[in-house]
2 protein chains.
Amino acid sequence: MTRPKSKKIENGKPVRDAEATQAVILTAAEEEFAQHGFTAARTEAIAAKTGVAKSMIYYYFKDKEGLYWAVLKRSHADLVQTLQKLELEHLSPDIALENFLRALLDCVSRNPKLPTIMFHEAVQNQGKYYKHSDSVSIDAALIAILEKGVSEGVFRQLDPFQSAINIMGTCLFYFIGAGNIQQFPQGKRLLSKAMLEQHTQEAIALILAGVRQS
Amino acid sequence: MTRPKSKKIENGKPVRDAEATQAVILTAAEEEFAQHGFTAARTEAIAAKTGVAKSMIYYYFKDKEGLYWAVLKRSHADLVQTLQKLELEHLSPDIALENFLRALLDCVSRNPKLPTIMFHEAVQNQGKYYKHSDSVSIDAALIAILEKGVSEGVFRQLDPFQSAINIMGTCLFYFIGAGNIQQFPQGKRLLSKAMLEQHTQEAIALILAGVRQS
DNA sequence: TTGTCAACTGACTATTCAGTCGGTAAGGAG
DNA sequence: CTCCTTACCGACTGAATAGTCAGTTGACAA
């Protein structure tokens, strides 16, 4: 858990620590890529956030694209792993859906930059980097739950494919707008713990009520 | 309705038409900004799409930012106008909500690039350009409907602010992912007329079921 | 026909940015 | 202490990109 936020200073003196430096760069890059996407992200801005020289990016990650890959990989790992180990097959569809949503929302609440990174990737690069198994399987899992729910009559007649997209939107859109909609509620920050928990509840409630057979 | 798609050619000969040229540039810019956002958009790429010289951008729009403004303004005008002239106050909340959603979805179905443009603007520039009245009022209208519905007992106990964001997400996420999720259904393009109509239905059904008092 | 103005062009410039390279020094091994 | 490896630095370079400008061409009026 030795993960310094910006520079790598330990008890007053700067230390030469390859791992720590890489982690610092990755974190700074995550922020920059989340806000600007690959093309508009500036390697100099990333370096400035870290406190190490810009050339360290190229030393550890070869080039801008290598750094981008590394960020995508690290960001995604948590999400994919969490959702894959859920074991939802034996559960009734409504419970499975709730578990799935709670895991998803927990994950992105922990790393709120992830949705923004994914959307930049999707829009700018048409998701080239994700065509290697990842996010596809996430959607597939959700679609499977919905299909089962419809066929068992637990859910109303809905199109699983369309609904999966819309459900993901309900969960994730919040995080995209978060940077934008700071002025809205009375001083409440959208990414505060309380608001994130409320969003989790509200999103789950909306979705479960929305799909259930009435 | 004289809006040529790329060059400005009329019965075989290129014409000098200021208005048409501006329109051509705006359309090309809309595409470029939608895919890449302000910073990553290339003025040369925009010019290449139009067939006119790059310098025309500066001739008519002063600079890249001026062009960006013009695109945001034109894209938004339709949406804001449509939603403002809805007159929903006298309707019951559930009908008002359905009308609101149908108008919103019609609008973005007509201009599917709009959500992506808004997304880029929100994330990259924290919505600086929208802090001039526009999208704020859209959310406000939706929140008002939800508040009324809750207080009248037509809708279940939900947080109007949170739910407004989530509802917008349900409607708009589809368009953001559209570029990405082309491989998914069996050859169906997400932006085909049939799929857009289905999305409108599915989104409205999900939301109405989701908010209604059960 | 001629003059004028506005639409339009393409080559040019200044700047910004990704990526490089020669060199420095920390710190462990012998 | 002396090497030697490697983390690290900052000035540099070449390519790309926003923005400019001097000049050309087409339309229309007089």
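Here is how names work: the chains are called A, B, and so on, in the same order as the sequence lines, proteins then strands, and each is numbered from 1.
Here the side chain of B:Ser75 pairs no donor or acceptor atom with the backbone of B:Leu72 at under 3.5 angstrom. The main-chain N or O of B:Asp159 is found under 3.5 Å from a side-chain atom of A:Glu202 such that the two form a donor-acceptor pair. Side-chain atoms of A:Lys64 come within 3.5 Å of backbone N or O of A:Thr39 as a donor-acceptor pair.
An OP1 or OP2 oxygen of C:dG19 is reached within less than 4.0 angstrom by no side-chain nitrogen or oxygen of A:Ser55.
For the pair B:Tyr68 OH and D:dA18 C1', the interatomic distance rounds to 17 Å; values are reported in whole Å. As a whole-Å value, the separation of B:Ile46 CD1 from D:dG19 P is 11 Å. Following rounding to the nearest Å, B:Glu19 (CD) and C:dC8 (C1') show an atom-to-atom distance of 17 Å. As a whole-Å value, the separation of B:Phe61 CZ from D:dA18 C1' is 16 Å. With rounding to whole Å, B:Ile57 atom CD1 is found 16 Å from C:dA7 atom P.
Among the candidates B:Arg110, B:Gln201, B:Glu197, B:His199, the single residue satisfying the side-chain contact (heavy atoms from CB on, under 4.5 Å) test with B:Leu105 is B:His199.
Side chains of B:Gln35 and A:Gln126 form a contact here, defined as non-hydrogen atoms less than 4.5 Å apart.
When the ring pair (Phe, Tyr, Trp, His ring centres under 6.0 Å) test is applied to A:Phe119, the partners found at least two apart in sequence or on another chain are B:Phe173.
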Output a table of nitrogen or oxygen pairs between the protein and nucleotides 16-18 of chain C separated by less than 3.5 Å.
{"from": "C:dC17", "atom 1": "OP1", "to": "A:Arg42", "atom 2": "NE", "distance (Å)": "3.4"}
{"from": "C:dA18", "atom 1": "OP1", "to": "A:Ala41", "atom 2": "O", "distance (Å)": "3.0"}
{"from": "C:dA18", "atom 1": "OP1", "to": "A:Lys64", "atom 2": "NZ", "distance (Å)": "3.3"}
{"from": "C:dA18", "atom 1": "OP2", "to": "A:Thr43", "atom 2": "N", "distance (Å)": "3.2"}
{"from": "C:dA18", "atom 1": "OP2", "to": "A:Thr43", "atom 2": "OG1", "distance (Å)": "2.7"}
{"from": "C:dA18", "atom 1": "N7", "to": "A:Lys54", "atom 2": "NZ", "distance (Å)": "3.2"}

Review item, nucleotides 3-6 of chain D N/O atoms under 3.5 Å of protein N/O:
{"from": "D:dT6", "atom 1": "O2", "to": "A:Arg16", "atom 2": "NH2", "distance (Å)": "3.4"}

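No side-chain N or O of B:His120 forms a donor-acceptor pair with one of B:Asn125 less than 3.5 Å apart.
Under the 4.0 Å criterion applied to side-chain N and carboxylate O atoms, B:Glu32 and B:Lys49 are assigned as salt-bridge partners.
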